[in-house]
Chemist: 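Below you will find the structure I want to go over with you.
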Amino acid sequence: MRPPTLNSPVEEQSTQWNPLWVDNFLPWDKGFPSPALIDLLSSATTNSAPVGSTGAAATAIWSVVNKAQKRAIVPGCGKGHDVKLLAEHGFDSFGVEIAEKAVEIARECYKSLREGGSGKGEGKIEFVLGDYFKDDWVKREIVGEEGQTEGAVDLIYDYTVRLPINPPL
């Protein structure tokens, strides 16, 4: 058993992830947030430029991290380690995952944060079942019934979701 690859037909890729989660075959899950996201957020909170970033990139990151209310999406969030880290930095964070079992596991792992957080300035956490490349989950979970889209999301953090897939562009 292995994850879908670029050789998998696009229409089959979404159904190939859940069995991996059900069988607990998760070689990509290291049990902690992405080191790149850790560096990015810590550099923004200390006003130091992330490694390899230009002044414009650092300024953009600082402006988002220092907002009072901010929202983030993590596509292909898995167990939700990156979603939790963003919430620890004050983001209302949405993890989007195509595998139903992954959403179930993430919701259980971070149940206390989903029910109100620690009260230490953390943002809210929600895990959403959906295909990131389709927008049916956006209105249902992010935008809401009012249809307000301006400022709906400040950051989309994609670390690995595009690696194993080849959607038609």
Chemist: First locate atom CZ of Phe127, then atom CD of Glu108, and finally report the distance between them rounded to the nearest 0.5 Å.
Modeler: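 Going from the CZ atom of Phe127 to the CD atom of Glu108 covers 11.5 Å.
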Chemist: If you round to the nearest 0.5 Å, how far is CZ of Arg71 from CG of Asp154?
Modeler: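 It comes to 8.5 Å.
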Chemist: Salt bridge (Lys or Arg N to Asp or Glu O under 4.0 Å) with Glu104: which residues, sequence neighbours excluded?
Modeler: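 Expected list: Lys101.
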Chemist: Applying the 4.5 Å side-chain criterion to the ILVMFWY set and letting contacts propagate, would Val22 and Phe25 be lumped into a single cluster?
Modeler: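 No: no chain of side-chain contacts under 4.5 Å links Val22 to Phe25.
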Chemist: Sort out for me which residue in Val74, Asp158, Ile156 forms a side-chain contact (heavy atoms from CB on, under 4.5 Å) with Tyr132.
Modeler: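 Of all the options given, the one that passes is Ile156.
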Chemist: Check whether any side-chain N or O of Asp131 sits under 3.5 Å from a backbone N or O of Ile98 as a donor-acceptor pair, and report yes or no.
Modeler: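 Pair absent, no side-chain N/O of Asp131 close to backbone of Ile98.
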Chemist: State the CG-CG distance between Asn24 and Leu26, to the nearest 0.5 angstrom.
Modeler: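 Between atom CG of Asn24 and atom CG of Leu26 there are 5.0 Å.
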Chemist: About how many Å separate SG of Cys77 and CZ of Phe94, when rounded to the nearest 0.5 Å?
Modeler: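 If we round to the nearest 0.5 Å, Phe94:CZ and Cys77:SG are 12.0 Å apart.
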Chemist: With side chain to side chain contact (heavy atoms under 4.5 Å, CB included) as the test, would you mind laying out the steps for Leu86 and Leu41 before giving the verdict?
Modeler: CA-CA 8 Å; Leu86 286 161; Leu41 293 172; 3.9 Å; yes
Chemist: Report yes if some heavy atom in the side chain of Arg107 is under 4.5 Å from a heavy atom in the side chain of Glu126; otherwise report no.
Modeler: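 Yes, their side chains come closer than 4.5 Å.
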Chemist: Can you tell me how far the NZ atom of Lys124 sits from the OG atom of Ser93, to the nearest 0.5 Å?
Modeler: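 Answer rounded to 0.5 Å: 11.5 Å.
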Chemist: Are any side-chain N or O atoms of Asp82 and backbone N or O atoms of Pro33, one a donor and one an acceptor, separated by less than 3.5 Å?
Modeler: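 Answer holds: no.
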Chemist: Give a yes or no answer on whether the side chain of Glu97 reaches the backbone of Val103 with a donor-acceptor pair at less than 3.5 Å.
Modeler: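 No; judged by distance alone, with no hydrogens or angles, the pair does not exist.
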Chemist: Within 45° of the axis and under 6.0 Å from the centre of the six-membered ring of Tyr110, does NZ or CZ of Lys84 qualify?
Modeler: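 The answer is no, since Lys84 fails at least one limit relative to Tyr110.
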Chemist: Nearest 0.5 Å, what's the CG-NE2 distance between Leu37 and His89?
Modeler: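 With rounding to 0.5 Å, CG (Leu37) is 8.0 Å from NE2 (His89).
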Chemist: Give a yes or no on whether a salt bridge exists between Asp29 and Lys79, defined as a side-chain N under 4.0 angstrom from a carboxylate O.
Modeler: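 Salt bridge between Asp29 and Lys79, a charged N being under 4.0 Å from a carboxylate O: yes.
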Chemist: Can you name the nearest heavy-atom pair linking Ala106 to Gly80, along with the distance?
Modeler: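 Closest approach of Ala106 to Gly80: CB-N, 4.4 Å.
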Chemist: Please check if Leu85 and Phe32 belong to a single hydrophobic cluster, counting links between Ile, Leu, Val, Met, Phe, Trp and Tyr side chain heavy atoms closer than 4.5 Å.
Modeler: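 Cluster IDs for Leu85 and Phe32 differ.
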Chemist: Does Gly123 offer a backbone N or O that forms a donor-acceptor pair with the side chain of Asp92 under 3.5 Å?
Modeler: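 No: the side chain of Asp92 does not pair with the backbone of Gly123.
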